[in-house]
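Remarks on the structure that follows.
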There are 2 protein chains.
Amino acid sequence: MSNDRVRPGRHLAAFSLLLLWEMPDHGLHLHRRINGVLPDGLQVDIGNLYRALRDLEVRGSVQSAWDTEGSGSARRIYRITADGHDELRGWSEDISKRRSAFDWFLGHWQALAESDGNVEARLHG
Amino acid sequence: MSNDRVRPGRHLAAFSLLLLWEMPDHGLHLHRRINGVLPDGLQVDIGNLYRALRDLEVRGSVQSAWDTEGSGSARRIYRITADGHDELRGWSEDISKRRSAFDWFLGHWQALAESDGNVEARLHG
DNA sequence: ATCATATATATGTAGTATACATATATAGTT
DNA sequence: AACTATATATGTATACTACATATATATGAT
């Protein structure tokens, strides 16, 4: 449970769940929040975010309700569920592993680049 | 250049290039080396590795040659090229960004989990 | 009133990546 | 000759990403 949902690449779901835990939100604003924490080059596509949110709702990890209060177009507000917290725990384990792998990669890349003079050349050249 | 090849998910290419920089190798042995540095749950499929190596060769990032010396079946030995080093530099930038995003994710997840008592419950409960 | 723009939620689709299954050939062992 | 291990692949369904387009409502300008 929780972990059998975790598959490679689906980190849009992970970030969505985490930010919805911090605060329930609607798609477009969540999009700004996600892209606010992601670096350039990893920015999320709004269409894919809407799809990810619907998928999360289908599998019960979030619930949504229309919000017609206030001004502007109606917004669908998403909030995380108990199942969503389970899924999120699975994501944290998955992402922790990936970060370890990336640490290994970057450590070894730097070591090789330095021994090859590449980094020295770019830093001091 | 270098960076326009970097696309999400293709980290098999990144790890292959890095390990081939450390040492030229053939597919099956490279497979063992990659899985040796990757944690459980991120293990690489051998079929996908062979495909990744052919793709790398098509775009000029590695070169291969048959090795019929020694005992056993003939092996196709791959070695990284100058273009491969360029591609690898792009990967290191991409992976560095992803690690930052993962750092943010894990930091915030832990903070939320602690404030929610989840981690405390699992550690001391 | 009407036109343009912004907000908000979607769908269409091509290319790529991943997981899991299967195929083919050669070499070594009994 | 049969069996097993090594080595290199291909087949394929599903999923993810990027980029384009569609639809509806609300707001502001003229």
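Protein chains get the first letters and strands the later ones, always in sequence-line order, with residue 1 at the start of each. The model shown is predicted, which means the values in this text are computed figures rather than measured ones.
Look at B/Asp67 and B/Arg76 and you find no salt bridge, because none of the NZ, NE, NH1 or NH2 atoms lies under 4.0 Å from a carboxylate O.
Between A/Trp21 and A/His85, the ring planes lie perpendicular to each other; the angle is over 60°, past the 30° to 60° tilted range. Classification of the A/His11-A/Trp91 ring pair by plane angle, with boundaries at 30° and 60°, yields perpendicular.
We find that CD of A/Glu57 is positioned 12 Å from P of C/dT9, with the value rounded to whole Å. As a whole-Å value, the separation of B/Arg54 CZ from D/dA9 C1' is 8 Å. When rounded to the nearest whole Å, the span between CG of B/Asp94 and C1' of D/dT17 equals 13 Å. Between A/Leu49 atom CG and D/dC19 atom C1' there is a gap of 16 Å when expressed in whole angstrom units. If you measure from atom CG of B/Leu53 to atom P of D/dT10, you get 12 Å, rounded to the nearest angstrom. Rounded to whole Å, atom P of D/dT12 lies 21 Å from atom OH of B/Tyr50. Distance CG (A/Leu28) to P (C/dA10): 12 Å, rounded to an integer number of Å. What separates CG of B/Asp40 from P of C/dA19 is a distance of 13 Å, to the nearest Å.
At a threshold of 4.5 Å between non-hydrogen side-chain atoms, the residues B/Tyr78 and B/Leu30 do not count as touching. Within the 4.5 Å cutoff, the side chain of A/Leu12 has heavy atoms near those of the A/Ile34 side chain.
With DNA chain D read from its 5' end, the first of the two nearest nucleotides for A/Gly41 and A/Gly70 is the one closest to A/Gly41. DNA chain C is contacted by both A/Ala74 and A/Asn48; A/Ala74 maps to the nucleotide lying nearer its 5′ end (nearest heavy atom per residue). Between A/Gly27 and B/Ile46, the residue whose closest nucleotide on DNA chain C is further toward the 5' end is A/Gly27.
A close approach under 4.0 Å does not occur between any side-chain nitrogen or oxygen of A/Arg51 and OP1 or OP2 of C/dG12. Proximity of A/Arg75 to the phosphate of C/dT9: no side-chain N or O atom is located under 4.0 Å from OP1 or OP2. Within the 4.0 Å cut-off from OP1 or OP2 of D/dA7, not a single side-chain nitrogen or oxygen of B/Arg76 is found.
With distances taken from any side-chain atom of A/Asp45 to the nucleotides D/dA7, D/dA18, D/dT27, the minimum falls on D/dA18.
Looking at heavy-atom distances under 4.0 Å, B/His29 makes no contact with the nucleic acid at all.
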